[in-house]
Amino acid sequence: PLCLLDEETTKIRSLLGLTPDRRDRPQSPRILQEIDSANVFESQLIAYEAKIDKLAGSIAEDEATVDLLNCEYTEMIQVNNQHKSSAIVCEHKAIIKEYTSKAETSEMDHEREKNHLKEQYELTADDLRKAEKALKDTTEKYERAREAAEVFEVNEEVLKTALAEFNEQLELQTQKTKLLKEAYEEKIENFFFLG
């Protein structure tokens with residue numbers, strides 16, 4: 001630290017125009033005031049460094065005391081833990097046994113619930129398969145019935161057309177028969193009256 005102060009002092013002196021060979025020359029009051037300020041500053045720094053060294057020694061002592069207290073505390077904790085450990089171990093064993101019992105009971109309940117849900121799932125899946133098969137059968141029957149209905153509709157239209165044509169032909173035949181009958185009756189009458 002002192003070499004740093006010497007370097008700083010040298011820099012300040014060179015800035016002020018005070019080289020080592022010009023120290024003995026008379027200086028202006030301003031420069032002398034600056035030199036005095038630098039000297040005061042240097043002495044303050046030296047005093048602060050001394051305080052820092054003293055504090056560092058005090059901190060080292062405090063750290064040694066803290067380490068000693070930590071060791072004593074650790075020994076006390078170990079002794080205390082040895083006394084308490086047997087009671088704590090027994091208590092922990094009881095807690096572990098209780099939790100193990102609860103876990104086993106919970107696991108058995110979970111397994112029963114799982115089996116029940118699996119059975120329900122299988123029953124539901126079976127019902128779903130049956131419903132799908134019934135729906136497929138119903139759809140096939142519906143399609144066949146729809147096709148048959150379409151065929152019936154087509155046949156009905158064909159039959160209606162054929163019936164209409166037959167009725168027209170029947171009407172024509174009836175008219176022809178009537179005309180022939182009238183013509184025969186007239187010929188018969190003419191034959192009997194003329195003959």
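This chain uses plain numbering: 1 for the first residue, then up along the sequence.
D109 is linked by a side chain to side chain donor-acceptor pair (under 3.5 Å) to R112, counting only residues two or more places apart in sequence or in another chain.
With T174 contributing its side chain and L170 its backbone, the two residues share a donor-acceptor pair below 3.5 Å. A donor-acceptor pair under 3.5 Å is formed between the side chain of T161 and the backbone N or O of E157.
Annotation for E107: atom CD does not count as buried by contact number, only 12 or fewer foreign heavy atoms lying within 6.0 Å.
Other members of the hydrophobic cluster containing V154, listed by chain and number, are V158; membership follows side-chain contacts under 4.5 Å among ILVMFWY residues, whether direct or relayed. Other members of the cluster containing L180 are Y184, with ILVMFWY side chains joined at under 4.5 Å, either directly or via other members.
In this structure, OG on S106 lies 11.0 Å from CD on E113, to the nearest 0.5 angstrom. N115 CG to Q120 CD: the interatomic distance, rounded to the nearest 0.5 Å, is 12.0 Å. The structure places CD of Q175 at 7.0 Å from CG of L179, a figure rounded to the nearest 0.5 Å. Going from atom CD1 of I59 over to atom NZ of K54 covers 13.0 Å, rounded to the nearest 0.5 Å. Between atom CD of residue E104 and atom NE2 of residue H110 there is a gap of 15.0 Å, rounded to the nearest 0.5 Å. Between atom CG of residue L128 and atom CG of residue L123 there is a gap of 12.5 Å, rounded to the nearest 0.5 Å.
Counting only residues at least two apart or on different chains, the side-chain hydrogen bond (donor to acceptor under 3.5 Å, both in side chains) pairs with a member in residues 141-152 are E143-R146, R146-E150. Screening residues 116-128 for salt bridge (Lys or Arg N to Asp or Glu O under 4.0 Å), with sequence neighbours left out, gives D126-R129, D126-K130. Legend: salt bridge (Lys or Arg N to Asp or Glu O under 4.0 Å) pairs involving residues 160-184, not counting sequence neighbours, sorted by first then second residue: E156-K160.
The pair K136-E132 does not count as a salt bridge, with every side-chain nitrogen at least 4.0 angstrom from each carboxylate oxygen.
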